[in-house]
Structures are given as C-alpha cells and as structure tokens.
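Reading through the structure tokens given below for one structure.
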Amino acid sequence: MQALNYTNARNSFKSIIENVCDNNEEVIVTTKNNKSVVIISLDEYNATHTKLKQDVQNAIKDIQKGDFLDIDDAFELAKKSYRA
C-alpha cells in the first residue's frame, strides 16, 4: 500500500489510477489537516461490497435460525484459540 500527500497525488493522479487498476494496489492520500482517503479500483470496491453484503445476509439468516454464540461463549472460544 502506498501513501501520498495530496499535492503529490494531484500531480500524478492519472498514473495513480493506472497503478491502482492494473496492479490491484491501494493508495492512501492525506491532507495537511490529517484527513485521509483510500483509492481502490472499482473492481475491488465491487468485489468487497458484494462480499460484505453476502456476509451480512448470511449472518442475518444464522441469527434468524438461532445459530449464533452468546458473548460469553464467543469470548471463551476466542480465549481457547488464542492459547492454542
């Protein structure tokens, strides 16, 4: 992942877009007042968005079926896998 300040990004925006799209790179662009954005390709955005929507739909179905852990059970399971 590459990080650039706003001025450098503005001066090389076309090549940034090409690199992001051609090499599936991500680029962080920051401003002087510490505001930041991430540039990703539309293909990557669509894939991530689709996967997220599917994961949410699957989670809702699991919850509706009662197929989930309560917080205490989830915490115990996490502790066991951490120790392993």
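What you see below is based on every heavy atom in this structure, not just the backbone, and it leaves out hydrogens, waters and symmetry mates.
In this structure, CD1 in Ile17 is found 11.0 Å from CG in Asp22, a value given to the nearest 0.5 Å. Remark: Tyr82 OH to Phe75 CZ distance equals 11.5 Å, nearest 0.5 Å. To the nearest 0.5 Å, atoms CD (Gln57) and CG (Asp62) are separated by 12.0 Å.
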If you look only at distance, which donor and acceptor atoms sit under 3.5 Å apart when one is on a side chain in residues 38-46 and the other is two or more places apart or in another chain?
{"unit_1": "Ser41", "atom_1": "OG", "unit_2": "Glu44", "atom_2": "N", "d": "3.0"}
{"unit_1": "Glu44", "atom_1": "OE2", "unit_2": "Thr48", "atom_2": "OG1", "d": "3.4"}
{"unit_1": "Asn46", "atom_1": "ND2", "unit_2": "Leu42", "atom_2": "O", "d": "3.4"}

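For Thr31 (side chain) and Lys35 (main-chain N/O), a donor-acceptor pair under 3.5 Å exists by modelled atom type. Put simply, the side chain of Ser81 gets close to the backbone of Ala78: a donor and an acceptor are under 3.5 Å apart.
Using a 4.5 Å heavy-atom cutoff, the side chains of Val37 and Ile28 are not in contact. The closest side-chain heavy-atom distance from Thr7 to Asn11 is below 4.5 Å. You'll find the side chain of Gln2 reaches within 4.5 Å of the side chain of Leu4, heavy atoms only. Here the side chains of Leu77 and Leu69 are in contact, with some heavy-atom distance below 4.5 Å.
Within a 6.0 Å radius of CG in Asn33, other residues, nucleotides and ligands contribute more than 12 heavy atoms. For Ile71, the CD1 atom counts as loosely surrounded, since its 6.0 Å shell holds 12 or fewer non-hydrogen atoms of other residues, nucleotides or ligands.
For residues 1-20, the salt bridge (Lys or Arg N to Asp or Glu O under 4.0 Å) pairs, not counting sequence neighbours, are Lys14-Glu18.
Glu25 and Met1 make their closest contact through OE1-N, 4.3 Å (heavy atoms, listed as atom of the first residue, atom of the second, distance).
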